[in-house]
Amino acid sequence: KKFNIAIVGATGMVGRTFIKILEERNFPVKNLYLFASSKSKGTKLKFKGKEYTVQKLTENSFNEDIDIALFSAGSEVSKKFAPIAKEKGVIVVDNSSAWRMHKEVPLIVPEVNPNDISWHQGIIANPNCSTIQCVVPLKPLHDAFKIKRIVYSTYQAVSGSGLGGIEDLEMGIKGKEPKKYPHPIAFNCLPHIDVFLENGYTKEEMKMIEETKKILNDYNLKITATTVRIPVRYGHSVSINLEFENSFNLDKIYEILKNAKGVIIQDDVSNNIYPMPINAEGTDEVYVGRIRRDFSIENGINLWVVADNIRKGAATNTVQIAELLINQL
Ligand code: 2RA
């Protein structure tokens with residue numbers, strides 16, 4: 001069976017990667033409909049050697065017999081158009097943060113909580129990129145030793161901000177002032193991703209905290225986060241400190257991570273082997289290394305986790321959710 005797929009935000013970095021991943025994974029696409037803002041109308045994009053013209057997104061865009069719509073056009077667009085698509089019987093997989101915490105919207109990482117897709121009401125949310133790459137290794141460890149507390153410290157690539165982030169880095173290297181970021185990102189790092197909230201945290205930090213609880217379905221987890229932008233193009237890195245309820249031994253940790261879906265261990269420090277963004281770029285796995293006991297607490301460990309934020313962090317995870325869906329249709 002083949003399916004009619006729409007992409008909303010088709011000309012953005014994630015939108016274009018949706019097309020690439022659909023092709024790479026040979027997703028059974030019958031017809032492809034590309035939508036974006038009026039300024040991108042008329043853009044021609046290729047899928048499987050055929051050229052498709054981007055149309056302006058309107059309230060009538062979902063009149064075609066579209067089965068699934070992949071959204072990555074920002075929260076405002078998703079807030080307005082996801083319900084319109086849903087009303088037309090389209091199943092929406094939304095990469096924006098608009099619907100992630102809504103009680104009727106499952107927040108899915110296929111390696112972690114695939115069964116949650118069973119209760120979708122027409123909209124399914126793709127988690128934040130930095131959250132996705134963390135819950136993939138955390139889920140099997142949580143099942144084995146019951147996580148009590150998580151401390152996230154992230155080192156996030158500028159592509160997380162889209163083309164504007166990459167341009168600020170490239171221009172910054174030439175000494176030009178940034179347009180997107182409040183300060184230069186070249187040869188610098190910014191402890192500021194998304195906006196600051198009343199509680200002194202940024203929205204990005206609160207997303208990691210709240211999304212982790214929803215995906216692992218454990219609202220007793222104690223979590224804190226500091227998210228930082230660094231001058232890297234592709235690939236988010238996260239230092240994760242974990243405290244478990246139960247005792248563990250490192251051999252068991254290694255065995256669990258070695259067998260964890262979507263995880264590759266890169267951990268041989270005597271040969272300078274550890275996850276790095278330059279090695280994760282262009283792949284869909286989550287790389288885990290620097291695995292070591294945290295001697296400052298009773299049942300603690302430290303991990304270093306790296307993944308391609310545009311692929312596994314956004315486009316690939318979204319397409320994997322669509323694959324879960326068609327296996328049910
Ligand atoms: C970022 N995670 O890196 C956010 C959104 N992609 O900017």
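In listed order, ligands and their atoms are each counted from 1. Residues: numbered from 1 along the sequence shown. These values consider heavy atoms only, across backbone and side chains, with no hydrogens, waters or symmetry-generated copies.
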Check ligand 1 against the protein and report each N/O to N/O distance under 3.5 Å, formatted as atom name, atom name, distance.
from	atom 1	to	atom 2	distance (Å)
ligand 1	2 (N)	N128	OD1	2.9
ligand 1	2 (N)	E204	OE2	2.6
ligand 1	3 (O)	Q156	NE2	3.1
ligand 1	3 (O)	R229	NH1	3.1
ligand 1	3 (O)	H236	NE2	3.2
ligand 1	6 (N)	G160	O	3.1
ligand 1	7 (O)	G160	O	3.0
ligand 1	7 (O)	R229	NH1	3.4
ligand 1	7 (O)	R229	NH2	2.6

State plainly whether the residues [X] and [Y] are in salt-bridge range, i.e. N to O under 4.0 Å.
X	Y	answer
E167	K179	no
K207	D194	yes
K176	E170	no
K258	E255	no

| field | NZ (K213) with more than 12 external heavy atoms under 6.0 Å | value |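 Yes, enclosed.
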
| query | Can you list every pair that meets salt bridge (Lys or Arg N to Asp or Glu O under 4.0 Å) and has a residue in residues 276-305, with sequence neighbours left out? | reply |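 For residues 276-305: D284-R311.
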
